[in-house]
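Input: a single structure, listed below in structure tokens.
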Amino acid sequence: MEIEKTYNPAKAEQTWYQYWLDKKFFKSVPDKRTPYTIVIPPPNVTGVLHMGHMLNNTIQDVLIRRARMLGYNACWVPGTDHASIATEAKVVALLKEKGINKTDLSREDFLKHAWDWKEKYGGIILEQLKKLGASCDWDRTRFTMDEPLSDAVIDVFIDLYNKGQIYRGVRMVNWDPQGLTAVSDEEVIHKEANSKLVYVKYQIEGSNDFITIATTRPETIMGDTAVCVNPTDERYAHLKGKKVIVPIVNRVVPLIFDEYVDATFGTGALKVTPAHDINDFNLGQKHQLQTIDALNPNGTISQAAGAYVGMDRFACRKQIITDLTEQGLVEKVEEIKNKVGYSERTNAVIEPRLSMQWFLKMDTVSKPALEAVLNNDVKLIPEKFINTYKHWMENVHDWCISRQLWWGQRIPAWYDAQGNTVVAKTKEEAIAKLKEKNSALNIAEVKQDDDVLDTWFSSWLWPLTVFDPNIVKRGWDKANEDLKYYYPTNDLVTAPEILFFWVARMIIAGKEYTGQKPFTNVYLTGIVRDKLGRKMSKSLGNSPDPLDLIAKYGADGVRVGMLLCSPAGNDLMFDENYCEQGRNFANKVWNAFRLIKGFTVDATIETPQSSKAAISWFENRLSEQLEIINEHYSKYRMSDALMTTYKLVWDDFCAWYLEAIKPEFIDGKAQPIDKTTYEATIQFLEALLKIMHPWMPFITEEIWHLITDRAEKDCIIVANWPSIKTNIDRKQLAEFEVSKELVTMVRNIRAQKQLSPKEQLEIIEKSDATHSYFDNTIIKLANLSAYSYTKDKVEGAFAFQIRTTEFFIPLANNINKDEEIARLTKELEYNKGFLQSVQKKLANEKFVANAKPEVIAIERKKESDALSKIKTIEEQLAVLG
RNA sequence: GGGAGAUUAGCUCAGCUGGUUCAGAGCACCUGCCUUACAAGCAGGGGGUCACAGGUUCGAACCCUGUAUCUCCCA
């Protein structure tokens, strides 16, 4: 059979993914085995695969595939999130292109468009995940707005309302004037901006004096209902009891005194606009100030402002500065840097706004969730996030859960014309409840709340409702078989950015409705940045399309590339070079297979000693390294686990083992290989393929089937993870390390003396021994004619040491005395310096008195080794004269 | 302004109980090789005042204090 020289990933990827699907290897149903479960962080239904998803989902797939091989019942639940604001914005934009305004549509018509859109374009991202090799149980695919899941969201709202945890009230919220909705604190991104700090003069009533205030928001002047200064600020003490006149609208407002004001900022005088700043709002409450809302929901100036009505807030800001300047009321304008909040979803500047919203009280429900992390019941990886988590959970604010949108779960609150409110699942139930409050109820006037719930108010139930949407209604005791079996899940892999949005809230919901944590380990990935450290973004155009990368380097290559450079919790400086390295690794594996497949087996020939030794060594080496790999996995050190695998395959297997056992060519003909060595080699290859499989699922499955014809379900995806041999011979491993050094030394000498690798050399070891286990392997690897032992020095040969042993290579015409003297002198100096430092240490009484005995023993060994080396070198120098 | 973390080779990172002259890996780099598995390769090599300044210790990349720079979170 002809095997191609380079690995071609495209075909293998297509073939095997379909094969796995057909054989239902990803499918999981509860059985006697221990489950291993991951629920996917559901990507936005509108989303397309980006580098962050790649990283995230590759890690999940590695964990799932390894668990499957370890014999767990591995279940990875996929799905998408309805992402209310992002999706609604997208649908609105699309309708606009068709000339349809959302405001012209009824709620029902809009939702119909939205669902049409979702059915047509939603979930592309899940198809893309398949290209990556994601082994999700696709039969379990869920969407956060699937009817049963939505139902559960409503159940939770009703339940928490009945428990008194949910309330409605007027609060200052983060208003997105573009999305026309409130957003939570976590959805506001604070960015540094260059702003103008305007110093405006307000006249003191009944005088020609002015008080100057500094503001970055002059367009809210029309909403001012006080001016405030610090009571300790002597500059303003004489103004006590006075009133001031707000410019533009000429409103007379009180001058108030409050500790809140920072006397050192600006002029020390603050304009108070209770409707447009949270701190001003608090001041307003405290001093019982009037509240004037000078802005409309869309960010234009409101009727109530009394001036500039209808003008956009930013246009108004400019205009008002011009107008005030003309009136001589602007003292100066300073350029400053301040933080401005932007909407995560629409990127509009957030406006603090007073409005009627629904809130969830966080103080009591968050306590068990904080404890779960502090007592390590839920482990955060890396641990450094525990502090951040603690800080947030201890300072948590009530959660604004209503959104002024249509796409999402509609709040199940109902009102009558008299302002009575009830919470109920259906209109009928609501009417019944309202009747209790209002005997004269006019049914025609009963209205449901127009708002929907925050998306996170549905995704916090994700690990519960993907398994059992009835959990809220029926309770943990009556949970279905799936939930009982898979929950709590094992690992959650997500970005630290949503630690509070999502992770904390899932723990809250889990504790509330099952009394249990939703997952045991939370692996927090970093942000994927470009190699300059910039966040990858569409606008910068610095984000490669993951599918292009897969086409170019193969899915296996990209997976390896991503994970080579991503320790947990660290941002990842992505560089295509890593994918290239991944692709090269796949090709290396491919060629190792090609070599082995090309062997001709002859059952009659005996196994050479060199191969026997190599097999024994690699058997030990494999177990030794597998132990380390398992250890890395158990600590979620993914890059380390991968790098150890990489070196085991490339260095140990390809560079040392295969070179040691591969048959020679005689007269241009490849010699056959003995059966024992061949079979051992195939076994090693299979074990290595298994260890590589979680990282490189496609190529390993491809080779697995090319090695031999296999039964229908004999696939590497369900093969057993290799076991570690019980008695690893570490002494032998150490011995081979010395042999490797010897081989390297010989190669080095060849390079220095410009000797062909084909020219055979001879090695003589100065030792009392007559042979050792790896002699023949060394002969093979270093291309020697002989390896012999002597008790005496060999004159006129090239001499060197490995550790404390002396070796000679007879090189009749190739010894340059001066060069040798220089080399040996340098080595002598180094060893003398080393000896000196060791002896200094040993001469130190305090060291000998305080250091651990093992440490002292090591130092003594170093001393004696150095002494013997020095002696040897001095002898060699003496011989050279 | 408050909090958390980081700073080790050109780059990305290890260094997990303080103990091999002040250190490791991968990539990149340099030199030599198209050697019948692989040039997507092979062999060999160079490269670091462990951010800076003090301190603790027989001994510090590691522990402590301060400084600088960067990142993130919260207000």
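Every chain is numbered from 1 and lettered A, B, ... according to where its sequence line falls, protein lines coming before strand lines.
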Quick note, A/Ala592 side chain, CB onward, closest among B/C72, B/G5, B/A37 is B/A37
Test ring-ring contact (aromatic ring centres under 6.0 Å, His included) on A/Trp656 and A/Phe684; report intermediate values, then the result. CA-CA 13 Å; A/Trp656 291 102; A/Phe684 291 149; over 10 Å; no
Considering only B/C73, B/U20, B/U12, which nucleotide approaches the side chain of A/Lys862 most closely? B/U20
B/G18 -> Watson-Crick or G-U wobble partner, both distances under 3.5 Å, gives none
Let's see if you can work this out: which of B/G5, B/U12, B/G19 has an atom nearest to the side-chain heavy atoms of A/Tyr578? B/U12
Among B/U71, B/A4, B/G19, which is the nearest nucleotide to the side chain of A/Val855? B/G19
With a non-hydrogen cut-off below 4.0 angstrom, is A/Tyr646 in contact with a base, only sugar-phosphate, or nothing? sugar-phosphate
Return no unless some side-chain N or O of A/Lys662 is found under 4.0 Å from OP1 or OP2 of B/A37. yes
Side chain of A/Asn850 only, heavy atoms from C-beta on: which candidate in B/G5, B/G26, B/C58 is closest? B/C58
Whole-Å P distance, B/A43 and B/C27: 12 Å
Nearest heavy atoms of A/Glu13 and A/Asp556, plus distance in Å: OE2-N, 4.1 Å
Among B/G26, B/G19, B/A40, the nucleotide that comes nearest once only the side chain of A/Thr6 is considered: B/A40
With a 4.5 Å heavy-atom cut-off, do A/Leu524 and A/Tyr636 have their side chains touching? no
Donor-acceptor pair present, A/Lys5 side chain and B/C38 base, under 3.5 Å: no
Scan A/Asn577 against the nucleic acid and name what it touches under 4.0 Å (heavy atoms): base, sugar-phosphate only, or nothing. nothing
So what does A/Arg637 touch, heavy atoms closer than 4.0 Å: a base, only the sugar-phosphate, or nothing? base
Mark yes or no for a side-chain to base donor-acceptor pair under 3.5 Å between A/Glu659 and B/A43, with no hydrogen or angle criteria applied. no
Student check: side-chain heavy atoms of A/Glu497 and A/Ile527 closer than 4.5 Å: yes
Measure from the side-chain heavy atoms of A/Asn748 and tell me the nearest of B/G19, B/G45, B/C38. B/G45
Run A/Lys552 and A/Cys579 through side-chain contact (heavy atoms from CB on, under 4.5 Å) and show every step you take. CA-CA 9 Å; A/Lys552 198 163 162 194; A/Cys579 293; over 6 Å; no
Quick one: pull up CD in A/Gln752 and CD in A/Gln754 and give me the separation to the nearest 0.5 Å. 10.5 Å
Using the side-chain heavy atoms of A/Lys846, tell me which of these nucleotides is nearest: B/C58, B/C16, B/A37. B/C58
Any base atoms under 4.0 Å from A/Gly833, or only sugar-phosphate, or nothing? Heavy atoms, all strands. base
Is there a Watson-Crick or G-U wobble partner for B/C50 with both distances under 3.5 Å, and if so, which one is it? none
Are A/Arg505 and A/Trp399 in a cation-pi contact, defined as NZ or CZ under 6.0 Å from the six-membered ring centre and within 45° of the axis? yes
Which base sits across from B/G5 as a Watson-Crick or G-U pair, both distances under 3.5 Å? B/C70
Of the listed nucleotides B/C38, B/G26, B/A37, the one nearest the side chain of A/Cys654: B/A37
First encountered from the 5' end of RNA chain B, between A/His632 and A/Ile278: A/His632
Using a 4.0 Å heavy-atom cut-off, does A/Ala751 contact any base of the nucleic acid, only the sugar-phosphate backbone, or nothing at all? nothing
Heavy atoms only, 4.0 Å cut-off, all strands: where does A/Ser756 land among base, sugar-phosphate and nothing? nothing
Give A/Glu383 one of three labels, base, sugar-phosphate or nothing, depending on what nucleic acid heavy atoms sit under 4.0 Å from its own. nothing
If each of A/Leu572 and A/Thr744 is mapped to the nucleotide of RNA chain B with the nearest heavy atom, which maps nearer the 5' terminus, i.e. the 5' end? A/Leu572
Give one of base, sugar-phosphate or nothing for A/Arg583, where a contact means two heavy atoms less than 4.0 Å apart. base
P gap between B/C52 and B/A60, integer Å: 15 Å
Closest listed nucleotide, where the reference is the side chain of A/Asn584 and the choices are B/A40, B/C72, B/A25: B/A40
